[in-house]
S.K.: 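This is the structure, below, for whatever I ask next.
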Amino acid sequence: MKELVKIKAGKCVFSLPKGRPLSDLLPELGSEVKPLLFRSGDELLDLSYPADHDREIRPVTASEPEALDILRHSASHLLAQAVTELFPGVQAGIGPATDTGYYYDFLRETAFTPEDLVAIENRMREIAGGDLPIQRLVLKKEQAVRVFAERGQALKVELIEEKGGDEVTCYEQGNFIDFCLGPHLPSTGYIKYIKLLSVSGAYWKGDEHGPQLQRIYGTAFFSQKELDDYLAFLEEARKRDHRRLGQELELFHTSDDLGAGLVIWQPKGSIIRHLIENFWKEEHLKDGYDFIYSPHIARLDLWKKSGHTEFYEAMYPPLELEGCQYQLKPMNCPFHIIAYKSRQRSYRELPLRWAELGTVYRYERSGVLHGLLRVRGFTQDDAHIFCREDQLEDEIKGVIRLAIRLLRAFGFENYQVYLATRPEKYVGRLEDWDKAEKALEEALKSSGLPYQLDEGEGVFYGPKIDIKIKDAIGRLWQCTTVQLDFNLSERFDLSYVGEDGYFHRPFMVHRALLGSMERFFGVLIEHYMGNFPLWLAPVQMIILPIADRHETYAKEIQSRLVTESLRARVDDSREKIGKKIRQAEIEKIPLIAVVGDKEIKEGSLSLRIHGQGDRGEMKIDTLLPKLKQLIQEKSLEIKI
RNA sequence: GCCAGCGUAGCUCAGACGGUAGAGCGGCUGAUUCGUAAUCAGCAGGUCGGAGGUUCGAUUCCUCUCGCUGGCUCCA
């Protein structure tokens with residue numbers, strides 16, 4: 001007589017002989033439920049998972065989010081099966097699900113071509129069509145090692161020996177077997193809507209000194225529609241690509257003549273930056289910040305003192321002048337510290353909030369450069385706050401408030417906030433870390449922002465808060481960072497004279513809200529898809545005379561607008577009105593004013609709004625105050 | 001930095017067993033004076049990313065180099 005195990009599902013409790021698959025219960029659960037897996041506490045179990053001990057289970061269907069992960073994980077096995085079948089001798093590495101799909105790493109002499117990907121994808125469909133059962137196996141470690149060694153899968157053998165206990169789980173489908181914890185779908189037939197997307201290099205176990213593998217990326221969904229939607233999303237992202245739009249709209253320019261990672265802001269990008277910077281400065285003044293300007297280079301000794309020469313890898317090599325070595329600055333902090341130390345500080349003048357749009361140069365590895373999002377010369381919207389312990393929490397609160405105020409103005413309403421705490425290797429006093437972490441946490445709590453705790457993920461010199469913003473199509477971008485710094489305050493022996501007449505060490509907060517002008521601009525271009533709101537649009541209104549004789553009138557309107565500080569242009573090309581409108585729409589100019597005989601007679605203009613079409617004729621006197629108000633309010637939409 | 005791919009006119013891209021190159025858009029000129037997303041015609045733009053090599057001859061093949069792209073690793 002076999003031992004019985006109690007399985008609770010919903011309100012019912014079933015008894016199963018130990019070792020029987022949980023799927024034996026499926027008929028009992030009713031035909032309307034079509035589970036792919038079971039959830040038991042924190043665990044996800046295969047349908048075929050053997051009843052091992054008393055548990056409560058809940059069926060998981062395709063409509064639940066965790067099912068998608070499992071689908072993709074199973075799809076990655078399918079990918080590995082297809083590849084090992086089509087390309088004998090190829091070794092499989094690892095193949096997990098990701099947020100958007102899955103990948104699998106392979107060791108192969110020759111590179112996979114796009115044609116290979118097509119063949120692999122087709123083979124995946126064939127195998128899936130065969131609806132092979134995916135079976136969980138529990139093998140003795142030596143046995144598993146033998147299985148993979150026989151198949152020439154040395155990487156798998158390495159993984160098993162490293163990670164496996166006495167027994168290891170493997171999953172088998174057809175003649176393919178993989179070392180894997182699971183769980184998986186019941187059979188390959190569930191994997192229907194798949195797409196292989198790209199192939200790239202990846203290091204074995206993430207070690208850049210280890211062997212280089214080829215990583216094939218793919219995605220999978222439970223329905224054709226979801227797959228189509230995802231592919232449409234990728235297409236949408238491609239259309240928004242700031243590198244493309246930056247070129248088309250003449251916002252910024254890169255050139256071989258400059259060198260990698262160096263960017264020129266074209267006039268249209270520069271006016272936007274100017275407006276962002278003005279706004280940034282005004283908001284900082286409102287919050288009691290002072291401004292600092294600092295040079296782009298300083299003596300190498302300064303960077304030795306700060307520890308950058310020793311610990312910071314992305315420094316440009318120093319240059320030598322008159323026997324003295326100078327270093328291009330990768331950060332602004334030491335300069336602000338020098339300013340702080342220019343004289344003795346009293347507790348009465350703290351907090352000091354010093355902000356700088358500071359341009360820094362970092363020798364980023366060539367392979368990581370990416371449009372405006374990762375460059376070698378960029379301007380941080382930096383600030384350093386020097387404060388007393390009793391001021392710290394309020395200061396952090398103020399920084400968070402300011403950050404959100406700024407980000408909201410650009411239409412970023414969704415954030416992911418992270419609090420990263422003390423790592424294993426750290427500098428500074430433990431009690432300072434505790435105080436600082438508490439201050440950061442309290443500030444976050446009072447901000448009302450939901451946040452995630454990243455235990456032990458802080459930088460060695462202090463805990464930090466990072467804020468990622470979600471753009472118009474849901475992608476996350478890291479911009480805001482607020483970091484305590486116990487390293488520099490120590491190295492530079494920062495102090496202030498307290499009420500008690502003794503020297504004290506101030507807390508030093510380093511923060512950037514937009515991150516860098518370059519990265520923020522790149523994100524902004526994609527967020528708006530090049531359709532900048534009225535207050536930021538490089539050209540706010542273009543005036544289109546219908547015929548030559550209307551040009552004078554068009555220019556009158558233009559100068560009227562320019563006098564009122566609007567950015568207006570006249571299109572005096574000899575084109576037909578349709579062409580001029582098309583051109584203006586392509587340039588994504590928010591306001592288009594058409595003027596002809598009718599408008600001259602009426603002293604009016606015919607307004608067309610980008611994205612809204614023709615809005616009809618109106619008087620300039622009634623329009624102008626409305627426009628000024630929209631600009632003043634930094635309105636994200638044009639409602640007239 | 002590593003793996004893979006790419007680099008042809010200002011832009012988007014064709015192209016050629018190795019015999020020095022085209023299209024559309026844009027630009028310029030002329031005609032057209034026009035009412036809400038492309039008027040017509042003509043012209044001018046290229047040491048085919050750069051350097052070296054193989055060759056009678058290279059933009060095409062090879063090597064190096066610079067830049068870009070997708071990732072890895074690292075980051076604002």
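Computed from heavy atoms alone, side chains included, the values below leave out hydrogens, waters and symmetry copies. Every chain is numbered from 1, with letters handed out A, B, ... down the list of sequences. The structure presented is a predicted model; accordingly, all values stated were derived computationally and were not measured.
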S.K.: Which nucleotide sits closest to the side chain of A:Y217: B:G70, B:G71, B:A76?
M.R.: B:G71

S.K.: For B:U8 and B:C68, measure between their C1' atoms and round to the nearest Å.
M.R.: 15 Å

S.K.: Looking at A:W303, is its backbone amide N or carbonyl O close enough to the side chain of A:E310 to form a donor-acceptor pair, meaning the two atoms are under 3.5 Å apart?
M.R.: no

S.K.: Which dot-bracket string fits RNA chain B when only Watson-Crick or G-U wobble pairs with both atom distances under 3.5 Å count, crossing pairs get [ ], and | stands for a partner on a different strand?
M.R.: (((((((..((((.....[..)))).(((((.......))))).....(((((..]....))))))))))))....

S.K.: Regarding B:C74, can its base be found pairing with the side chain of A:R374 as donor and acceptor, where the two atoms are less than 3.5 Å apart?
M.R.: yes

S.K.: Just call it for A:V360: base, sugar-phosphate, or nothing, with non-hydrogen atoms closer than 4.0 Å on any strand.
M.R.: nothing

S.K.: Could a donor-acceptor pair under 3.5 angstrom be found where the side chain of A:R511 meets the base of B:A76?
M.R.: no

S.K.: Throw together a table of side-chain donor-acceptor distances under 3.5 angstrom for residues 247-259 of chain A, partners on residues two or more places apart or in other chains.
M.R.:
residue : atom : partner : partner atom : Å
A:S255  : OG   : A:D257  : N            : 2.9

S.K.: B:G70, B:G1, B:A76: which one has an atom nearest the side-chain heavy atoms of A:S366?
M.R.: B:G1

S.K.: Identify whether the glycosidic angle of B:G42 places it syn (within 90° of 0) or anti.
M.R.: anti

S.K.: Please list all pairs passing the salt bridge (Lys or Arg N to Asp or Glu O under 4.0 Å) test where one or both residues lie in residues 376-386 of chain A, with sequence neighbours left out.
M.R.: none

S.K.: Can you tell me how far P in B:C40 sits from the matching atom in B:A4, rounded to whole Å?
M.R.: 48 Å

S.K.: Partners of A:Q416 by side-chain hydrogen bond (donor to acceptor under 3.5 Å, both in side chains), sequence neighbours excluded?
M.R.: A:Y418

S.K.: Partners of A:Y203 by side-chain hydrogen bond (donor to acceptor under 3.5 Å, both in side chains), sequence neighbours excluded?
M.R.: none

S.K.: So, OP1 or OP2 of B:C2: does either fall under 4.0 Å of a side-chain N or O from A:R365?
M.R.: no

S.K.: Hey, can you tell me if A:F233 and A:Y230 have their rings parallel, tilted or perpendicular (30° and 60° cut-offs)?
M.R.: parallel

S.K.: Mind checking if A:G367 touches a base, just sugar-phosphate, or nothing, with heavy atoms under 4.0 Å?
M.R.: base

S.K.: Can I get a per-line list of side-chain donor-acceptor pairs under 3.5 Å for residues 355-362 of chain A, giving both atom names and the distance, sequence neighbours left out?
M.R.:
residue : atom : partner : partner atom : Å
A:E356  : OE1  : A:S294  : OG           : 2.9
A:E356  : OE1  : A:H336  : NE2          : 2.8
A:E356  : OE2  : A:S294  : N            : 2.9
A:E356  : OE2  : A:S294  : OG           : 2.8
A:T359  : OG1  : A:T379  : OG1          : 2.8
A:Y361  : OH   : A:H296  : ND1          : 3.4
A:R362  : NE   : A:Y312  : OH           : 3.2
A:R362  : NE   : A:P330  : O            : 2.9
A:R362  : NH1  : A:Y312  : OH           : 3.4
A:R362  : NH2  : A:P330  : O            : 3.1

S.K.: Enumerate the residues from residues 512-520 of chain A whose closest heavy atom to RNA chain B is under 4.0 Å, giving them by residue number; use none for an empty result.
M.R.: A:G515, A:S516, A:R519

S.K.: Let's see if you get this right: which residues in residues 570-579 of chain A place a heavy atom under 4.0 Å from RNA chain B?
M.R.: A:R574, A:E575, A:K576, A:I577, A:G578, A:K579

S.K.: Need one value for A:D382: base, sugar-phosphate or nothing, where a base atom within 4.0 Å counts as base even if backbone is also close, heavy atoms only.
M.R.: nothing

S.K.: Do A:H73 and A:D69 meet the criterion of a side-chain donor-acceptor pair at a distance under 3.5 Å?
M.R.: no

S.K.: Polar-atom pairs under 3.5 Å, protein N or O versus N or O of nucleotides 43-46 of chain B: list them with distances, or write none.
M.R.:
none

S.K.: Here's a test of your reading of the structure: between A:D241 and A:G259, which maps to the more 5' nucleotide of RNA chain B?
M.R.: A:G259

S.K.: Tell me whether the side-chain N or O atoms of A:T254 pair up with the base of B:G67 as donor and acceptor below 3.5 Å, since no angle test is needed here.
M.R.: no

S.K.: Looking across every strand, which nucleic acid part, if any, lies under 4.0 Å from A:L369 by heavy atom: base, sugar-phosphate, or nothing?
M.R.: sugar-phosphate

S.K.: Give me the distance, rounded to whole Å, that separates B:C17 from B:C28 when you measure between the P atoms they each carry.
M.R.: 37 Å

S.K.: A:L372 or A:R215: which one's nearest nucleotide on RNA chain B is closer to the 5' end?
M.R.: A:R215

S.K.: Is the closest side-chain donor-acceptor distance between A:H242 and A:E526 under 3.5 Å?
M.R.: yes

S.K.: Going by an N to O cut-off under 4.0 Å, is there a salt bridge joining A:D241 and A:R243?
M.R.: yes

S.K.: Distances under 3.5 Å only, N/O to N/O: pair up the protein atoms with those of nucleotides 3-10 of chain B.
M.R.:
residue : atom : partner : partner atom : Å
B:C3    : O4'  : A:Q212  : OE1          : 3.3
B:C3    : O4'  : A:Q212  : NE2          : 3.3
B:C3    : O2   : A:G201  : N            : 3.2

S.K.: Please tell me whether A:Q583 and A:D571 have a donor and an acceptor in their side chains that are separated by less than 3.5 angstrom.
M.R.: no

S.K.: Between the protein and nucleotides 61-65 of chain B, list every N/O to N/O distance that falls short of 3.5 Å.
M.R.:
none

S.K.: Write down the distance between CD1 (A:I581) and C1' (B:A38), rounded to a whole number of angstrom.
M.R.: 12 Å

S.K.: For A:F106 and A:Y104, I'd like to know if the aromatic rings sit close, meaning centre-to-centre distance below 6.0 Å.
M.R.: yes

S.K.: Considering only B:G35, B:G70, B:A37, which nucleotide approaches the side chain of A:H370 most closely?
M.R.: B:G70

S.K.: Would you call A:R273 and A:E518 a salt bridge, taking side-chain N to carboxylate O under 4.0 Å as the test?
M.R.: yes

S.K.: Without decimals, in angstroms, what is the distance between A:L245 CG and B:C11 C1'?
M.R.: 14 Å

S.K.: Look at the side chain of A:Q483 and decide which nucleotide, out of B:A76, B:G35, B:U36, has an atom nearest to it.
M.R.: B:A76

S.K.: Between A:F291 and A:W280, what is the ring plane arrangement, given parallel below 30°, perpendicular above 60°, and tilted in between?
M.R.: parallel

S.K.: Between B:A44 and B:U29, how many Å separate the two P atoms, rounded to a whole number?
M.R.: 15 Å

S.K.: Compare the minimum distances between each of B:U69, B:A76, B:A37 and the side chain of A:E364, then state the nucleotide with the smallest one.
M.R.: B:A76

S.K.: Round to a whole Å and report the spacing from CD of A:E587 to P of B:C11.
M.R.: 17 Å

S.K.: Taking atom C1' in both B:G67 and B:G49, what distance in whole Å separates the two?
M.R.: 7 Å

S.K.: So, A:E158 and A:K205, do they make that salt bridge, N to O below 4.0 Å?
M.R.: yes

S.K.: Without decimals, in angstroms, what is the distance between A:K468 NZ and B:C75 C1'?
M.R.: 11 Å

S.K.: With distance as the sole test, does A:S516 use its side chain to make a donor-acceptor pair with the main-chain N or O of A:Q380 at under 3.5 Å?
M.R.: no

S.K.: For atom P, what is the distance between B:A9 and B:A51, given to the nearest Å?
M.R.: 16 Å

S.K.: Mind checking whether A:F521 and A:W265 have parallel, tilted or perpendicular rings, split at 30° and 60°?
M.R.: parallel

S.K.: Identify, with sequence neighbours excluded, every residue that meets salt bridge (Lys or Arg N to Asp or Glu O under 4.0 Å) alongside A:E115.
M.R.: none

S.K.: Using the P atom in both, what is the distance from B:G30 to B:A23, to the nearest Å?
M.R.: 23 Å

S.K.: Measure from the side-chain heavy atoms of A:D548 and tell me the nearest of B:U33, B:C68, B:U73.
M.R.: B:U33

S.K.: With respect to the phosphate group of B:C34, does any side-chain polar atom (N or O) of A:R549 fall under 4.0 Å of OP1 or OP2?
M.R.: yes

S.K.: For the C1' atoms, the ones on B:C75 and on B:G1, what distance do you get once it is rounded to whole angstrom?
M.R.: 15 Å

